[in-house]
Amino acid sequence: MRVLVSGGNSNLGKAIRWRFEQAGYDVWYTVTDASKANGKHAIVVDLTEEKQVNEVFQDFGPVDVLVNNAGVFTEGHQDSLATELFDQVFDLNVRGLFFLTRALLKGIKEVDGSIVNISSMNALRPGFGTTAHYDASKGAVSAYTRSLAAETGLRVNAIAPGLIGCDRLEGTDLETYWKNHTVRQEMMKASELADTVLFLAQSRGIYGQTLLVDNGFMLR
């Protein structure tokens with residue numbers, strides 16, 4: 001069994017890689033910088049470059065699971081947001097996801113594989129005030145997930161994580177706000193999100209869904 005995880009060096013990407021390795025998968029992953037390839041099966045590619053993606057993956061062969069994890073977050077007030085920041089988000093979060101999925105789709109169909117996309121809870125509710133363009137990109141991911149499942153008959157699903165705990169958020173007002181508005185008063189753990197990704201990858205009968213994993217934030 002072979003899995004490809006895009007954005008494999010992010011906090012969540014590393015957790016997903018580790019979880020699939022523990023489950024016995026042959027794990028491949030993408031990075032944009034060769035110096036950050038910290039394990040075997042690293043693929044250096046800029047997912048925003050259509051031609052490059054097609055060339056790198058033209059002979060990659062079948063893959064049982066594709067995890068579209070690569071993404072970028074920027075923020076800014078929409079009345080003054082630089083077009084470059086808008087483009088940066090959509091180029092990777094939407095176009096890059098499409099380029100990689102299209103390049104691997106034939107091989108996924110050959111083995112009746114599955115796709116798990118990383119959306120965001122922001123696709124389902126407004127973000128924290130300055131993220132409308134990011135929210136829109138993740139809304140596109142969830143919409144693409146539904147439509148691709150219907151079009152291909154493959155198990156294409158997504159997870160919509162809440163805020164993932166990391167060093168830079170510890171002790172911040174955002175962490176306090178999050179904990180005061182969740183049922184389980186903790187930041188999200190990358191390892192638990194990775195468990196959910198594996199569950200969706202191996203599930204049967206689930207098609208086109210975006211599964212909210214937010215410690216109950218949306219309930220408050």
Side-chain angles (χ1 to χ4, degrees), residues 1-57 60-61 63-75 84-85 87-104 107-108 113-122 131 134 137-138 141 145 157-170 187-201 213:
M1 300 282 284
R2 186 161 69 150
V3 58
L4 175 68
V5 181
S6 70
N9 263 350
S10 69
N11 183 26
L12 180 56
K14 289 177 181 177
I16 293 170
R17 285 166 49 196
W18 182 88
R19 188 66 190 87
F20 275 86
E21 286 172 0
Q22 295 302 304
Y25 283 76
D26 184 25
V27 179
W28 295 70
Y29 65 101
T30 71
V31 294
T32 55
D33 185 344
S35 67
K36 295 181 179 180
N38 60 357
K40 65 178 183 178
H41 296 338
I43 301 171
V44 181
V45 60
D46 183 348
L47 295 176
T48 69
E49 295 293 334
E50 179 180 8
K51 182 178 179 181
Q52 188 178 144
V53 172
N54 290 339
E55 290 176 349
V56 168
F57 291 101
F60 192 72
V63 58
D64 298 279
V65 181
L66 168 61
V67 181
N68 280 309
N69 170 68
V72 63
F73 173 85
T74 67
E75 59 181 323
E84 291 78 8
L85 292 180
D87 289 342
Q88 182 183 7
V89 165
F90 271 80
D91 281 350
L92 182 56
N93 295 6
V94 182
R95 286 166 56 86
L97 181 149
F98 165 67
F99 292 153
L100 182 58
T101 300
R102 182 180 61 183
L104 295 174
I108 296 171
S114 65
I115 299 171
V116 182
N117 298 321
I118 306 302
S119 183
S120 169
M121 71 172 191
N122 289 24
T131 59
Y134 172 81
S137 75
K138 290 303 186 177
V141 170
T145 297
N157 294 289
I159 68 167
L163 286 177
I164 303 174
C166 61
D167 291 343
R168 67 180 178 83
L169 291 177
E170 288 186 8
M187 300 290 282
M188 304 306 305
K189 296 179 180 178
S191 60
E192 294 174 342
L193 294 169
D195 289 341
T196 306
V197 172
L198 179 65
F199 161 73
L200 284 178
V213 191

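- Heavy atoms only, all atoms of each residue included: F99 and T48 are closest at CE1-O, 3.7 Å.
- Nearest heavy-atom pair across Q52 and V44 is OE1-O, 4.4 Å.
- Between I108 atom CD1 and I115 atom CD1 the span is 4.0 Å, to the nearest 0.5 Å.
- With rounding to the nearest 0.5 angstrom, the CG atom of L12 is 6.0 Å from the CD1 atom of I159.
- Here the side chains of V213 and E192 are not in contact, with every heavy-atom distance at 4.5 Å or above.
- Expressed to the nearest 0.5 Å, how far CG of L47 lies from OG1 of T30 amounts to 4.5 Å.
- The distance from the CD atom of Q88 to the CD atom of E84 is 9.5 Å, given to the nearest 0.5 Å.
- Note that the CG atom of N157 and the OG atom of S119 stand 12.0 Å from one another [nearest 0.5 Å].
- The shortest side-chain heavy-atom distance between N9 and K14 falls under the 4.5 Å cut-off.
- With values rounded to the nearest 0.5 angstrom, L97 atom CG is found 8.0 Å from K138 atom NZ.
- Closest of all the heavy-atom pairs between A23 and L198 is CB-CD2, 4.0 Å.
- Of the residues listed (D26, L104, V67), the one engaging L4 in a side chain to side chain contact (heavy atoms under 4.5 Å, CB included) is L104, and it is the only one.
- Between W28 and V63 there is no side-chain heavy-atom pair separated by less than 4.5 Å.
- Tested against N68, the residues N93, T101, T145 include a single side chain to side chain donor-acceptor pair (under 3.5 Å) partner, T101.
- The side chain to side chain contact (heavy atoms under 4.5 Å, CB included) test with V197 singles out one residue from V65, N117, I118, and that residue is I118.
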Derivation and outcome, side chain to side chain contact (heavy atoms under 4.5 Å, CB included), residues R19 and D195: CA-CA 7 Å; R19 188 66 190 87; D195 289 341; 2.7 Å; yes

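- Side-chain contact between R17 and V3 is absent, with no heavy atoms from C-beta onward closer than 4.5 Å.
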Start with the C-alpha gap between I43 and F57, add the side-chain angles, then the distance that decides, and say whether side chain to side chain contact (heavy atoms under 4.5 Å, CB included) holds. CA-CA 10 Å; I43 301 171; F57 291 101; 3.7 Å; yes

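- A donor-acceptor pair is defined here as one N or O able to donate and one able to accept, closer than 3.5 Å; no such pair exists between the side chain of S120 and the backbone of A160.
- A donor-acceptor pair is defined here as one N or O able to donate and one able to accept, closer than 3.5 Å; no such pair exists between the side chain of D64 and the backbone of G113.
- In terms of heavy-atom proximity, G165 sits nearest to N11 at O-ND2, 3.6 Å.
- K189 places no side-chain N or O within 3.5 Å of a backbone atom of A194 that could act as its donor or acceptor partner.
- Judged by distance alone, with hydrogens and angles left aside, the side-chain atoms of N69 form a donor-acceptor pair with the main-chain N or O of S6 at under 3.5 Å.
- Taking all atoms of both residues into account, the shortest heavy-atom contact from F20 to A201 is CZ-CB, 3.9 Å.
- In terms of heavy-atom proximity, V5 sits nearest to G13 at CG1-O, 4.3 Å.
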